[in-house]
Amino acid sequence: MSWEEWSLPFLSFTAEEQDTISEIMTPVKTYVDEEVMNFITGKKNMEEDWDAFEEKISDMNYEEVLSMYRDKYEKLPEDQKGFDDQLGF
């Protein structure tokens with residue numbers, strides 16, 4: 001399948017859900033951006049600091065957002081799914 005044929009399904013969130021996603025993901029994105037630069041520049045060591053990086057992201061509750069996306073995806077009509085097939089899952 002070419003990239004032109006490939007598309008993500010549209011997932012619609014309520015205003016409240018969007019607020020929750022933003023409240024969680026804004027600080028997560030900031031943290032990830034900062035830490036990626038620290039890993040790239042050598043300020044942080046992948047072997048020594050990676051577990052703490054993952055733990056911090058988990059502590060920031062990104063799993064709640066992931067769960068919200070999974071729930072919305074599961075509620076899609078079957079003909080709108082296939083994302084997992086397109087990615088080889």
Side-chain angles (χ1 to χ4, degrees):
M1 174 176 294
S2 71
W3 68 271
E4 294 96 352
E5 299 171 305
W6 189 77
S7 65
L8 295 173
F10 178 74
L11 301 177
S12 179
F13 294 94
T14 66
E16 183 179 324
E17 290 168 331
Q18 290 173 9
D19 288 345
T20 299
I21 291 168
S22 181
E23 287 170 10
I24 293 171
M25 293 310 296
T26 298
V28 168
K29 182 181 181 330
T30 299
Y31 175 72
V32 168
D33 290 347
E34 291 170 355
E35 292 301 288
V36 165
M37 287 308 298
N38 287 331
F39 285 117
I40 290 170
T41 60
K43 291 180 183 174
K44 296 258 176 127
N45 181 290
M46 291 290 290
E47 290 181 23
E48 296 172 7
D49 300 314
W50 187 257
D51 289 342
F53 171 72
E54 288 182 321
E55 186 175 328
K56 174 73 173 178
I57 294 171
S58 289
D59 291 346
M60 296 173 89
N61 208 20
Y62 86 95
E63 290 96 346
E64 181 179 347
V65 173
L66 186 57
S67 178
M68 291 170 69
Y69 274 85
R70 284 182 177 147
D71 289 346
K72 291 289 182 176
Y73 181 80
E74 289 302 317
K75 292 176 183 173
L76 286 173
E78 287 301 315
D79 65 336
Q80 291 182 22
K81 292 184 180 180
F83 179 60
D84 18 344
D85 291 337
Q86 293 172 4
L87 293 177
F89 295 120

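Note that the numbering runs from 1 along the sequence shown for the chain.
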Original post:
Partners of Lys56 by salt bridge (charged side-chain N to carboxylate O under 4.0 Å, His left out), sequence neighbours excluded?
Top reply: none

Do any side-chain atoms of residues 22-29 form donor-acceptor pairs under 3.5 angstrom with protein atoms, and if so which ones, sequence neighbours left out?
residue	atom	partner	partner atom	Å
Thr26	OG1	Ser22	O	2.9
Lys29	NZ	Asp33	OD2	2.7

Subject >> CE-CZ distance between Met46 and Phe39, expressed to the nearest 0.5 angstrom >> reply: 6.0 Å

Taking only distance into account, with no hydrogens and no angle test, what donor-acceptor pairs under 3.5 Å do side-chain atoms of residues 61-70 form with protein atoms, sequence neighbours excluded?
residue	atom	partner	partner atom	Å
Asn61	ND2	Glu64	OE1	2.7
Glu63	OE2	Ser58	OG	3.1

**OP:** Check side-chain hydrogen bond (donor to acceptor under 3.5 Å, both in side chains) between Glu55 and all other residues, then give those that pass, not counting sequence neighbours.
**Re:** none

Original post:
Does the side-chain contact (heavy atoms from CB on, under 4.5 Å) test come out yes or no for Glu54 and Asp51, once each step is laid out?
Top reply: CA-CA 5 Å; Glu54 288 182 321; Asp51 289 342; 4.0 Å; yes

Subject >> Spatial distance of atom CZ (Phe13) from atom CG (Asp71) [nearest 0.5 Å] >> reply: 9.0 Å

**OP:** Check side-chain hydrogen bond (donor to acceptor under 3.5 Å, both in side chains) between Ser12 and all other residues, then give those that pass, not counting sequence neighbours.
**Re:** none

Subject >> side-chain hydrogen bond (donor to acceptor under 3.5 Å, both in side chains) partners of Asn38, counting only residues at least two apart >> reply: Glu35

Subject >> salt bridge (charged side-chain N to carboxylate O under 4.0 Å, His left out) against Glu47, all qualifying residues, sequence neighbours excluded >> reply: none

